[in-house]
2 protein chains.
Amino acid sequence: MANLLSVAKLAGVSRATAARAFSSPESLRPETHRRVMEAARVLGFRPNKVAQQLRTRATRMLGVMVPSLDNPVFAEQLQAMEEAARAAGYSLIVTTSGYDPGREEAIVEEMLRQRVDGLALTVAEADHSAVLVKLRRESTPCLLVHNPPVAPCFPSVGVDNRAAMADATRYLIAQGHRRIGMIGGPLLQSDRARLRHEGYREAMEAAGLTPLALIEMPRHTQVALSRLAPALGGTEGLTAVLCTNDLLAISLIGELRRSGRSVPGDLSVMGFDGIELGRHLYPSLSTVVQPRAEFGRVAVDTLLALIRGATPQPLPLPHVLREGESAGALPASRQAPEPYDP
Amino acid sequence: MANLLSVAKLAGVSRATAARAFSSPESLRPETHRRVMEAARVLGFRPNKVAQQLRTRATRMLGVMVPSLDNPVFAEQLQAMEEAARAAGYSLIVTTSGYDPGREEAIVEEMLRQRVDGLALTVAEADHSAVLVKLRRESTPCLLVHNPPVAPCFPSVGVDNRAAMADATRYLIAQGHRRIGMIGGPLLQSDRARLRHEGYREAMEAAGLTPLALIEMPRHTQVALSRLAPALGGTEGLTAVLCTNDLLAISLIGELRRSGRSVPGDLSVMGFDGIELGRHLYPSLSTVVQPRAEFGRVAVDTLLALIRGATPQPLPLPHVLREGESAGALPASRQAPEPYDP
DNA sequence: GAACACAATGAGATCGATCTCATTACGCTA
DNA sequence: TAGCGTAATGAGATCGATCTCATTGTGTTC
């Protein structure tokens, strides 16, 4: 394949001049510039970014690691990141960790060897992450996405998970619910799940209600109704459930209806994430919307700022409670025996 | 940052020997190998892939372009591709085109400059794609995903869209439906949409039924019920609808139910893709499953074969019809006036 | 101990750009 | 036309590895 040297020869100039034709055309005589460009065209010259990267010690590539692309919340965020990155002249190397610390480690090492200019990571557990400890010693700019900014060294882009779930909880309380439960995926100890549960607990306690332990589901994307069934039966059963993500909520609604229960008649269900699809379901999903597209943009902007040497301290992004049809007012027939009276 | 030269110096060997310690340790005396590795450890040496890539003229990176990550069918496929690629020691550069030919062009040019070892593309229209015409002159191995293998030059990974939609149509016919319509996204002319419509038409005609034109929706992910309403009313209205993708189907089901209609009572709905979520909805989605995870694996395997210089001719991947609850037998009350009688 | 085969190591070119610094060319004024 | 300042261009080093080929070192055999 044609390289700059061959272009330079054909145009009758030196490599340096040929290079300038691309990087700073204004420093060349118009005629020289034209000759070089013509030679490049004739030879089908295509600049080699690898060589540029080696020489300039900048790859203009960002490494992105998300737990999974099966959850639209990550896919939608990635979509926004890709667009923002490309607009800024950067490419993304995309990887999935499956929440596996071993894979996280290997992926990050690989990306460092690739000399990415920056890393945007979503890890399982930011404050006990081996990979973050390692990165602390490295000079590659690094940004957390979704993870709370517990690690003092790394800026973080995400919503205030605790406040967001507290909002959702208060919303259900305002709808008249008193017996409210919460379900989550298999990583109960994940930093976000923990914060969300704390938000739930605080809102419950602030209202004089009893928070329950997080009910663990075997998968992030699918409920096992059997794990929840005990909490649902009888007059003392739950009347509303908060889910740590939308996929769980959607799956829960499906299972409930398949088992003959109605939503929100028998149980109000709230999601978390605000994936696009939730709007179009019936009943439409009541959920806490994380602004995923903005996540992506802000993540890239912040990472680029870090790369430029700035020390941005991004604020938590605002979450929005989207009222759908899956959570509603508590039917009179299911009012708690003891009325709420502060 | 430490480079091989500094490692070599510290270990008291030449660069060549230091390099061999990593690439072919067996060719070194154990003692020499140990000294080099120790020096590397002390200096925190991390091999520079950019330099390796320049020198070996192989990046071990694959360029992936999909229309969008907002549709789980692409996200799930990408997830599988990433795992397969990483298992083979390759990284993915991921981009989204939004079906925009201009962006397709820019993205591919960018990836060629990056000297990716191979490209896996999903384009809007394989047989009139400017970007594919350009790629035909290039030596970079290229694979189409989802696009039918119309372009003689490029292998393609995907299901047989025509046969798949014909199967779905026959399924509905077998359920007693006679007035069956089909809806699609804004790209009626997309190669896949066209093939799927052809499959539908053939199956209809083979059964002596009248196929209808594809009803165009303004977006890929969301129906506008108003566009469909005219076809639904009265005793002559449709009793079943095929959708070109699952998101449309899910959105359609939601809209129908919200407007007071039941699914499949008033209208049977079939999707296409088989995204995971469809299983968990209520009613669960009847759909044609494209094996997305297998797509990803096969795509990577085929592309790696191309890179090795083989000329694989991948077969269409098998599709599976998944019977859900959104499509059912035609109620007796809605039997067509003229019974089907070949 | 000399000769030889083979293993281990080193020297230097190379991949394809960029960048600095030196040199040449050009335009302007006197 | 000479002199000068600036614009335009070129020569060569450099980024960090790999690879070929030459050389040195080691061990075996007679």
Rounded to whole Å, CD of B:Gln53 lies from P of D:dG16 at a distance of 14 Å
- request: Classify the side-chain pair B:Ser68/B:Asn71 by whether it contains a donor and acceptor separated by less than 3.5 Å.
  value: no
Requested in this report: Answer with yes or no whether the side chains of B:His146 and B:Gln77 bring together a donor and an acceptor at under 3.5 Å.
Outcome: yes
Residues passing the side chain to side chain contact (heavy atoms under 4.5 Å, CB included) test with A:Ala16, sequence neighbours excluded, are A:Ser14, A:Arg20
Mark yes or no for whether A:Ser23, through its side chain, and A:Ala19, through its backbone, hold a donor-acceptor pair below 3.5 Å.
-> yes
Checking side-chain polar atoms at under 3.5 Å, does A:Glu110 have a donor or acceptor matched by the opposite partner on A:Gln114? no
Between CG of B:Leu54 and P of C:dT14 the distance, given in whole Å, is 14 Å
Rounding to the nearest 10°, end axes of the helix from C:dG1-D:dC30 to C:dA30-D:dT1 built from five pairs each make an angle of 50°
Rounded to whole Å, the CZ-P distance (A:Arg55 to C:dA17) equals 13 Å
### Query
Do NZ/NE/NH1/NH2 and the carboxylate oxygens of A:Glu109 and A:Lys134 come within less than 4.0 Å?
yes
message = Whether the A:Thr59 and A:Asp117 side chains hold a donor-acceptor pair (N or O, under 3.5 Å, no angle test) is what I'd like checked.
response = yes
Rounded to whole Å, CD of A:Glu31 lies from P of D:dA8 at a distance of 13 Å
Item to complete: Would you please indicate yes or no on a ring centroid separation below 6.0 angstrom for A:Phe74 and A:Phe295?
Response: no
By the 4.0 Å heavy-atom rule, please label B:Phe22 as base, sugar-phosphate, or nothing.
nothing
Please check this pair: side chain of A:Thr96 against backbone of A:Pro67, looking for a donor-acceptor N/O pair closer than 3.5 Å. no
Separation of D:dT14 atom P from A:Leu5 atom CG, nearest Å, is 19 Å
With sugar-phosphate taken as primed atoms, P, OP1 and OP2 and all else as base, the protein-contact string of nucleotides 6-11 of chain C at under 4.0 Å (heavy atoms; B, S, -) is --SBBB
Taking 4.0 Å as the cut-off, does a side-chain nitrogen or oxygen of A:Asn3 come that near to OP1 or OP2 on C:dG16? yes
To the nearest angstrom, the CD-C1' distance between A:Gln52 and D:dT14 comes to 15 Å
B:Leu4 atom CG is separated from D:dG16 atom C1', nearest whole Å, by 7 Å
In whole angstroms, the gap separating C1' of D:dA17 from CZ of B:Arg60 amounts to 16 Å
message = With a 4.0 Å cutoff (strictly under), does any side-chain N or O of A:Arg57 reach OP1 or OP2 of D:dT14?
response = no
